[in-house]
Every structure is written in C-alpha cells, then in structure tokens.
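Everything below concerns the one structure shown next.
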Amino acid sequence: MTESSWAEIVRLVEARAGGCCEYCRMHQDLQGATFHVEHIIPSSAKGSDNPDNLAWAGCDLHKSNRQQLPDPETGAAVPLFNPRQHVWSDHLHWNGHLLVGRTPIGRALVAAFDLNSTRRQRIRQAEESFDLVPPDAEQE
C-alpha cells in the first residue's frame with residue numbers, strides 16, 4: 001500500500017468517526033494524545049487494512065492484540081466490541097459522565113479499557129462545556 005493511499009484511508013476512518021473514538025465516543029480535540037487508526041482484528045491475527053477492519057481510536061492502548069475480553073460480572077470471555085458490527089447504544093450508554101455497559105460486551109470494554117478513570121470523566125465534563133457531548137449522550 002502506498003503512503004498516499006494509507007493517508008486516504010486514515011482520513012476516511014477519521015471522517016467516518018466524526019473525530020470521536022469509536023470505542024468510548026470521546027472527541028479527539030480535548031485528548032492529550034493523538035487518535036489513530038486501529039485494526040479491530042489485529043494485523044497479528046491476519047486482520048486486513050480494509051476500512052471495514054479499521055476504527056478511529058484513542059482509548060485502545062489496553063487492547064493489544066486481544067479479540068476477546070472477560071466480562072467483569074461473569075468472568076466469561078466475550079468478543080471485543082466491534083464498531084463495524086455492533087451498535088454502540090446496544091452495548092453502552094451514558095450515566096452522567098460514566099460510561100456503562102448494557103451487555104457483557106459493553107461491560108468488558110468499559111473494564112478492560114478503563115473507560116471510567118477519573119481522567120476520562122474530567123475530559124467528558126470538559127467536552128460538555130465545549131458542546132462536544134459524546135454522540136448518543138443526548139439520547140440517553
């Protein structure tokens with residue numbers, strides 16, 4: 001893949017996500033780190049560079065090459081939330097500035113990615129003051 005075609009894919013993935021992490025829905029403008037294109041199925045597991053296997057992410061540093069995560073309530077291994085296949089609001093919802101899992105997949109994502117850390121809650125408060133309320137928050 002040429003550099004220019006990868007740059008085009010990066011622009012497509014970021015635009016599709018609206019500048020928000022596809023896992024936690026936080027906006028990249030207030031993050032201390034740069035968001036990046038993430039392979040949903042890792043390259044090490046033969047995941048492709050096709051946009052259908054790519055997500056815009058800023059909170060996935062705990063993921064590594066995992067494709068399953070433990071549900072913190074049951075301990076059972078569940079598939080990692082897949083933004084191309086799963087509907088975010090089916091698995092997750094907002095309770096104020098807390099992200100809450102509705103399903104084993106949602107609970108596992110929140111726990112494994114530490115999505116309710118104090119830092120993340122403070123960023124969500126700041127997002128609210130800048131009208132960068134996470135997508136779907138106003139529907140909850």
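Hydrogens, waters and symmetry mates are skipped; everything else that's a heavy atom, side chains included, is used. All values reported here derive from a predicted model rather than from experimental measurement.
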Which pair of non-hydrogen atoms, one from [X] and one from [Y], has the smallest distance, and what is that distance?
X: Met26; Y: Phe35; answer: O-CE2, 3.6 Å
X: Pro70; Y: Ala108; answer: O-CB, 3.4 Å
X: Pro79; Y: Ile105; answer: O-CG1, 3.6 Å
X: Cys21; Y: Cys59; answer: SG-SG, 3.5 Å

Do [X] and [Y] have side chains that approach each other closer than 4.5 Å (heavy atoms only, starting at C-beta)?
X: Pro83; Y: Trp88; answer: no
X: Phe113; Y: Leu80; answer: yes
X: Gln67; Y: Ile40; answer: no
X: Val110; Y: Phe81; answer: no
X: Val78; Y: Arg107; answer: no
X: Phe130; Y: His27; answer: no
X: Glu22; Y: Glu38; answer: no
X: Trp56; Y: Cys20; answer: no

Same cluster or not: Ile41 versus Ile9, using hydrophobic residues (I, L, V, M, F, W, Y) connected whenever any side-chain heavy atoms lie under 4.5 Å apart?
no
If only atom types and distance count, is the side chain of [X] paired as donor or acceptor with the main-chain N or O of [Y] below 3.5 Å?
X: Lys63; Y: Ala112; value: no
X: Arg16; Y: Pro51; value: yes
X: Gln28; Y: Gly58; value: no
X: Arg120; Y: Asp114; value: yes
X: Asn53; Y: Ser48; value: yes

What residue among Leu109, Val100, Val87 forms side chain to side chain contact (heavy atoms under 4.5 Å, CB included) with Leu92?
Leu109
To the nearest 0.5 Å, what is the distance between [atom1] ([X]) and [atom2] ([Y])?
X: Tyr23; Y: His86; atom1: OH; atom2: NE2; result: 11.0 Å
X: Ser117; Y: Arg122; atom1: OG; atom2: CZ; result: 9.5 Å
X: Trp6; Y: Asp49; atom1: CH2; atom2: CG; result: 5.0 Å
X: Leu54; Y: Glu14; atom1: CG; atom2: CD; result: 13.5 Å

When Arg124, His97, Gln121 are each screened for side chain to side chain donor-acceptor pair (under 3.5 Å) with Asn116, the one that passes is Arg124
